[in-house]
Asks: 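Have a look at this one.
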Amino acid sequence: MTFPLSRVRASFPALHVKDQGRPRVYLDNSAGTLIAGQAADAVAKTYCEHNTYTGVFDSFSTDIDALVDHSYASMAAFLGSSDPGEIIIGANATTATFQLVNSMRHMFGPGDEIIVTHRDHEGNISPWLRLAEETGATIRWLGFNTDSWQNETDELRGLLNENTKLVALNYVSNLTGTIADVAGMTKMAKSAGALVFVDGVQYAPHFLVDAPAIGCDFFSCAPYKFFGPHLGVIWGRRAVLENCRPYKTRVSPEQLPDRFMVGCPPFELLAGLSGAIGYFESLGQWAGGTGSRRELLSSAFQSIEACEAALFARLLSKLQDFPQLKFLGPGVTPTKGARAPILSFYSKDGQLAQVSKALTARGIHFHWGKKFAFEASNYLGLGPDGLMRIGLSHYNSVEDVDAFADGLTAAFSKA
């Protein structure tokens with residue numbers, strides 16, 4: 001079936017905004033996607049009709065109770081779980097991770113070891129560094145190979161021992177888009193008796209997630225990177241979550257997921273979260289899918305993968321015309337299962353800032369610098385300008401990719 005691009009693009013109001021008459025070319029999707037109209041409408045509807053308290057018997061409250069239950073059930077289904085109690089929702093993925101780490105403090109002490117990776121986002125590094133600092137645990141670092149751009153399993157095997165308490169893994173690099181063998185590494189870590197936390201923030205927008213099937217204990221993602229509002233979500237295995245001690249008030253419930261709700265939840269954003277997942281279900285129907293919510297999600301992601309792979313192949317082909325660029329990642333061929341549609345590069349001539357400003361002036365939105373990949377950039381010894389990163393999404397078009405390539409040509413001709 002032909003990818004329903006026109007219906008998809010019509011679902012994102014921001015794609016129709018123009019800057020001084022020029023349409024926006026939005027290629028900054030790894031930093032945060034545009035919000036789907038279904039999600040934005042759900043937020044507005046909640047503000048206008050239902051934004052109130054829970055736990056009593058009037059219609060305002062019962063509507064909100066149903067909204068909260070639906071959002072947790074929707075998020076559980078999105079991550080492959082049948083248990084809404086396994087879902088933690090926070091302000092963003094980093095905040096949710098810090099919250100979880102605080103609730104796990106009693107599990108760690110001197111002599112325990114935590115493994116973190118140099119290829120990860122800071123949101124899955126700093127919380128564990130702080131936990132080690134405050135409990136006396138030891139941090140062990142897992143590097144990555146700059147030929148494969150993967151964490152080497154032999155190196156991980158060498159780090160694991162009877163003192164390893166937790167391994168923090170990265171599914172898709174926000175620097176290169178490289179997809180790691182998290183299931184394989186999780187199996188190794190679990191064999192050593194360690195807990196496993198997977199940062200799936202860059203995986204969830206592009207591929208169907210089945211967190212329980214990975215074998216990990218935690219899986220994090222960020223709805224604002226898959227067309228929803230600014231929130232962070234962690235799936236946690238129920239048995240592990242029940243052993244956590246969340247910071248909460250005396251009157252907060254003990255059952256899951258309520259024990260991780262600190263104060264009044266953002267009802268409007270939970271509605272937007274359900275709306276975002278509803279968008280995926282709609283896309284699944286447009287792509288010809290039928291059946292349950294999970295089946296529609298599967299259909300949606302099959303169409304997303306095919307669309308993004310074609311766009312990414314075109315991007316890589318266009319960029320071969322720029323010998324002054326140095327690319328990070330496993331080659332220049334989009335191999336299925338090897339990488340998400342994320343690409344970082346820098347200018348060998350040190351003209352990145354100039355080129356970036358020229359592209360921005362043409363209405364092309366993307367990310368550049370070092371902060372988005374702080375640890376990996378430092379590990380690689382990159383210069384002060386850092387990198388330029390392009391992150392594609394299924395609502396991007398061939399014209400978007402071509403506009404970026406044309407903008408690069410113009411920018412380098414002036415630099």
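Side-chain atoms are counted along with the backbone in the values below, which use heavy atoms only and exclude waters and symmetry mates.
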Asks: Is L269 close to H230 at the side-chain level, that is, under 4.5 Å between some pair of heavy atoms?
Replies: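 H230 does not reach L269 side chain to side chain.
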
Asks: Quick one about T95 and N92 (side-chain donor to acceptor, distance below 3.5 Å, no hydrogens or angles considered), yes or no?
Replies: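 Indeed, the side chains of N92 and T95 share at least one donor-acceptor pair under 3.5 Å.
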
Asks: Kindly indicate whether the side chain of M388, heavy atoms from C-beta on, has any atom under 4.5 Å from the side chain of L325.
Replies: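 When only atoms from C-beta onward are counted, L325 and M388 do not touch, as no gap falls below 4.5 Å.
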
Asks: Specify whether Y26 and H365 have parallel, tilted or perpendicular ring planes, treating 30° as the upper limit for parallel and 60° as the lower limit for perpendicular.
Replies: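 Ring orientation, 0 to 90° scale: tilted.
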
Asks: Report yes if the side chains of V233 and L79 come closer than 4.5 Å at any heavy-atom pair, otherwise no.
Replies: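 A side-chain contact under 4.5 Å exists here.
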
Asks: Quick one: pull up CG in L328 and CZ in R389 and give me the separation to the nearest 0.5 Å.
Replies: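 With rounding to 0.5 Å, CG (L328) is 12.5 Å from CZ (R389).
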
Asks: Would you say that E86 contacts L256 through its side chain, given a criterion of any heavy-atom pair below 4.5 Å between the two side chains?
Replies: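 Sidechains of L256 and E86: no contact.
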
Asks: For I304 and P205, work out which heavy atoms get closest and say how close.
Replies: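 Heavy atoms only, the tightest pair is CG2-O, 4.3 Å.
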
Asks: Any chance you could measure E155, atom CD, to Q150, atom CD, to the nearest 0.5 Å?
Replies: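 The CD atom of E155 sits 12.5 Å away from the CD atom of Q150.
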
Asks: Looking only at heavy atoms, what is the nearest atom pair of L352 and L387, with distance?
Replies: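 Looks like CD2-C, 3.5 Å.
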
Asks: Could you check whether any side-chain N or O of S299 sits under 3.5 Å from a backbone N or O of G284, counting only pairs where one atom can act as donor and the other as acceptor?
Replies: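 Yes, S299 side chain to G284 backbone: donor-acceptor pair under 3.5 Å.
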
Asks: Can you name the nearest heavy-atom pair linking S30 to I342, along with the distance?
Replies: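 Shortest heavy-atom separation between S30 and I342 comes out as OG-CG1, 3.4 Å.
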
Asks: Look only at the side chain of T46 and the backbone of A42, and say whether a donor-acceptor pair between them is shorter than 3.5 Å.
Replies: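 Present.
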
Asks: How about S126 and F98: do any of their side-chain heavy atoms sit closer than 4.5 Å?
Replies: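 Yes - at least one pair of side-chain heavy atoms lies under 4.5 Å apart.
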
Asks: Out of F366, W368, F327, which one pairs with F345 under the ring-ring contact (aromatic ring centres under 6.0 Å, His included) rule?
Replies: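 That would be F327; it is the only one of F366, W368, F327 passing the ring-ring contact (aromatic ring centres under 6.0 Å, His included) with F345.
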
Asks: What verdict does the salt bridge (Lys or Arg N to Asp or Glu O under 4.0 Å) test give for R259 and E254, after you've listed the backbone C-alpha separation in whole Å, the side-chain angles of each residue and the deciding distance to 0.1 Å?
Replies: CA-CA 5 Å; R259 69 199 306 246; E254 276 298 331; 3.3 Å; yes

Asks: Consider salt bridge (charged side-chain N to carboxylate O under 4.0 Å, His left out). Of R314, R9, K318, which one does D400 pass it with?
Replies: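 For D400, the salt bridge (charged side-chain N to carboxylate O under 4.0 Å, His left out) check succeeds only for R9.
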
Asks: Stepwise, does the side chain to side chain contact (heavy atoms under 4.5 Å, CB included) test hold for R119 with L175?
Replies: CA-CA 8 Å; R119 77 193 287 271; L175 180 76; over 6 Å; no

Asks: Evaluate side chain to side chain donor-acceptor pair (under 3.5 Å) for N174 paired with H121, printing each intermediate quantity in order.
Replies: CA-CA 7 Å; N174 71 325; H121 184 280; 4.6 Å; no

Asks: Within the side chain of S11, is there an N or O that forms a donor-acceptor pair under 3.5 Å with the backbone of R7?
Replies: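 Confirmed, S11 side chain pairs with R7 backbone.
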
Asks: What do the steps show when you test Y279 against F12 for ring-ring contact (aromatic ring centres under 6.0 Å, His included), and what is the final call?
Replies: CA-CA 10 Å; Y279 163 74; F12 292 88; 5.2 Å; yes

Asks: How many angstroms lie between CD in E134 and CZ in R105, if you round to the nearest 0.5 Å?
Replies: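 If I round to the nearest 0.5 Å, the distance is 4.5 Å.
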
Asks: For the backbone of R140 and the side chain of E113, can you confirm whether one donor and one acceptor N or O come within less than 3.5 Å of each other?
Replies: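 Here the side-chain-to-backbone pair does not exist.
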
Asks: I125 vs W141, test: side chain to side chain contact (heavy atoms under 4.5 Å, CB included). Steps then yes/no.
Replies: CA-CA 10 Å; I125 296 177; W141 286 92; 3.7 Å; yes

Asks: Apply side chain to side chain contact (heavy atoms under 4.5 Å, CB included) to D217 and K190, showing your working.
Replies: CA-CA 9 Å; D217 300 285; K190 298 301 291 182; 2.8 Å; yes

Asks: Within the distance-only criterion (no hydrogens, no angle test), does the side chain of T33 pair as donor or acceptor with the backbone N or O of N29 below 3.5 angstrom?
Replies: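 Side chain of T33 to backbone of N29: no pair is present.
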
Asks: Let me confirm one number: the OG-CD distance from S274 to E281, rounded to the nearest 0.5 Å.
Replies: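 Taking OG in S274 and CD in E281, the distance rounds to 9.5 Å.
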
Asks: Checking ring-ring contact (aromatic ring centres under 6.0 Å, His included) against H394, which of F301, F226, F227, F207 comes through?
Replies: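 Among F301, F226, F227, F207, the one meeting ring-ring contact (aromatic ring centres under 6.0 Å, His included) with H394 is F227.
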
Asks: Over 60° means perpendicular and under 30° means parallel, so classify the ring planes of F108 and W128, tilted if in between.
Replies: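 Tilted, since the angle between the ring planes falls between 30° and 60°.
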
Asks: Donor-acceptor pair, N151 side chain versus G143 backbone, under 3.5 Å?
Replies: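 Yes, because the side chain of N151 sits within donor-acceptor range (under 3.5 Å) of the backbone of G143.
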
Asks: If you draw a 6.0 Å radius around CZ in R130, do more than 12 non-hydrogen atoms from other residues or ligands fall strictly inside?
Replies: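 No, because the 6.0 Å sphere around CZ of R130 holds 12 heavy atoms or fewer from other groups.
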
Asks: Looking only at atom types and distance, does a side-chain atom of Q99 sit under 3.5 Å from a main-chain N or O of F260, one as donor and one as acceptor?
Replies: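 Side chain of Q99 to backbone of F260, a donor-acceptor pair under 3.5 Å: yes, one is there.
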
Asks: Identify the two heavy atoms, one from V201 and one from A222, that lie closest to each other, and give their separation to 0.1 Å.
Replies: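 Answer, listing the atom of V201 first, then A222: CG1-CB, 4.1 Å.
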
Asks: Shortest non-hydrogen contact from L311 to S393?
Replies: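 Nearest pair, atom of L311 first, then S393: CD1-O, 3.8 Å.
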
Asks: Kindly determine whether H118 and F144 satisfy ring-ring contact (aromatic ring centres under 6.0 Å, His included), including the steps that lead there.
Replies: CA-CA 7 Å; H118 286 293; F144 60 88; 7.4 Å; no

Asks: Check this for me: K248, atom NZ, are more than 12 non-hydrogen atoms of other residues, nucleotides or ligands nearer than 6.0 Å?
Replies: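 Yes.
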
Asks: Where do D19 and R22 land on the salt bridge (Lys or Arg N to Asp or Glu O under 4.0 Å) test, with the steps shown first?
Replies: CA-CA 5 Å; D19 296 318; R22 186 193 297 271; over 6 Å; no

Asks: Ignoring hydrogens and angles, tell me if any N or O in the side chain of D112 forms a donor-acceptor pair with the backbone of G109 under 3.5 Å.
Replies: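 A pair under 3.5 Å: yes.
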
Asks: Which atom names give the shortest non-hydrogen contact between T94 and G123, and what distance separates them?
Replies: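 Closest heavy-atom pair between T94 and G123: OG1-CA, 3.5 Å.
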
Asks: Kindly check if the number of other-residue, nucleotide or ligand heavy atoms within 6.0 Å of OH (Y379) is above 12?
Replies: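 Enclosed.
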
Asks: What do the steps show when you test V182 against V196 for side chain to side chain contact (heavy atoms under 4.5 Å, CB included), and what is the final call?
Replies: CA-CA 10 Å; V182 294; V196 178; over 6 Å; no

Asks: How long is the straight-line distance from CG of N124 back to OG of S220, given to the nearest 0.5 Å?
Replies: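 Here the rounded value is 6.0 Å.
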
Asks: I'd like to know if the side chain of K165 and the backbone of L195 have a donor-acceptor N/O pair within less than 3.5 Å.
Replies: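 No, K165 side chain to L195 backbone: no donor-acceptor pair under 3.5 Å.
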
Asks: Is the closest side-chain heavy-atom distance between T97 and I234 below 4.5 Å?
Replies: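 Sidechains of I234 and T97: in contact.
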
Asks: Drop me the distance from D28's CG to I364's CD1, to the nearest 0.5 angstrom.
Replies: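 Spacing of CG (D28) from CD1 (I364) equals 12.5 Å.
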
Asks: Quick one: does F197's side chain get under 4.5 Å of M104's, heavy atoms only?
Replies: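 A side-chain contact is absent here, since even the closest heavy-atom pair is not under 4.5 Å.
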
Asks: Quick check: do I390 and V401 have side-chain heavy atoms less than 4.5 Å from each other?
Replies: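 A side-chain contact is absent here, since even the closest heavy-atom pair is not under 4.5 Å.
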
Asks: Please work out whether the ring planes of F280 and F78 are parallel, tilted or perpendicular, with thresholds of 30° and 60°.
Replies: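 It falls in the tilted class, 30° to 60°.
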
Asks: Spell out, as yes or no, whether a donor-acceptor pair under 3.5 Å connects the side chain of S303 to the backbone of A300.
Replies: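 Present.
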
